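Positions are given from 1 along the sequence. Since this is a predicted model, take the numbers as computed values, not measurements. Basis for what follows: all heavy atoms, side chains included, without hydrogens, waters or symmetry-related copies.
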Amino acid sequence: LFLAVGAHANQAKQAKLYGGAKLGIMDADVAGLDDGVNLGLVFGATLSEIEVGSLALEGELTFPISEGDANILGFTGDWDVMTLACYGAFRSKGPLYFKGKAGLLYEDVNVKISGVPGGSGSEDDIGISIGIGGGYRISEKSSLELEYTIIESDLDYISFGFNMNF
């Protein structure tokens, strides 16, 4: 038992932690909703190095910094979305790399329409989210990433970010 606990503790020490920030467009494929802009925070741990790359567990929080415009039946307003996700992520080896991720995501969408009684609403949901992207390793400690993430069937997040390894 002590050997197993010691081996697990040794593996936990080997996990490489990283964090970063990203900025991107929330692209709603819904008539009358224009794009919003979200800031994202990413925290992760590289759990395993494999022959072709690395596997990581990644947490991501995005929140609106610029609401998207809404125009529904001639009434105007705005909308935004906040997301919280946990992903399994793969990054290939090399200075230029491929990234793929999949995981569970919580989203909270808010719509506010002016001049309409009951014109404001909020909806939240939990579902599967996937993403692809690429990156450039500036050094062993830092990288730039460009990602396309499917939040749900009619909502995508296109982002550019910077990560630091600890």
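- No donor-acceptor pair under 3.5 Å is formed between the side chain of Thr149 and the backbone N or O of Ile151.
- Checking Tyr106 against Asp125 by side-chain atom types alone, no donor-acceptor pair falls below 3.5 Å.
- Here the closest non-hydrogen pair linking Ile113 and Ala70 is CD1-CB, 3.8 Å.
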Throw together a table of side-chain donor-acceptor distances under 3.5 angstrom for residues 158-166, partners on residues two or more places apart or in other chains.
residue, atom, partner, partner atom, Å
Asn163, ND2, Glu145, OE1, 3.4
Asn165, ND2, Glu140, O, 2.8

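- Side-chain contact check for Asp29 versus Asp156: every heavy-atom pair is 4.5 Å or farther apart.
- Considering only residues two or more places apart in sequence or on other chains, Tyr87 meets the side chain to side chain donor-acceptor pair (under 3.5 Å) condition with Ser129.
- Figure legend: Arg91 and Phe98 shown without cation-pi pairing, the cationic atom not lying both under 6.0 angstrom from the six-membered ring centre and within 45 degrees of its axis.
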- Task: Go through Asp69 and Trp79 one step at a time and tell me if the side-chain contact (heavy atoms from CB on, under 4.5 Å) criterion holds.
- Result: CA-CA 6 Å; Asp69 292 333; Trp79 75 279; over 6 Å; no
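- Considering only residues two or more places apart in sequence or on other chains, Thr62 meets the side-chain contact (heavy atoms from CB on, under 4.5 Å) condition with Met26, Asn38, Glu60, Thr83, Tyr157.
- Between the side chains of Ser122 and Asn110, at least one donor N or O lies within less than 3.5 Å of an accepting N or O.
- Ion pair Lys93/Glu49 not flagged as a salt bridge, since none of the NZ, NE, NH1 or NH2 atoms sits closer than 4.0 Å to an Asp/Glu carboxylate oxygen.
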Quiz item: Can you check side-chain contact (heavy atoms from CB on, under 4.5 Å) on Phe63 and Val81, steps first, answer last?
Solution: CA-CA 7 Å; Phe63 50 92; Val81 61; over 6 Å; no
Could you go step by step and tell me if Lys101 and Ile132 meet the side-chain contact (heavy atoms from CB on, under 4.5 Å) rule?
CA-CA 6 Å; Lys101 66 181 184 179; Ile132 61 169; over 6 Å; no
message: Could you walk me through whether Leu47 and Leu55 satisfy the side-chain contact (heavy atoms from CB on, under 4.5 Å) test, starting with their C-alpha distance in whole Å, then the side-chain angles of each, then the deciding distance to 0.1 Å, before giving a yes or no?
response: CA-CA 6 Å; Leu47 302 176; Leu55 302 173; 5.5 Å; no
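- Environment of CD1 in Ile50: crowded, with over 12 heavy atoms of neighbouring residues, nucleotides or ligands closer than 6.0 Å.
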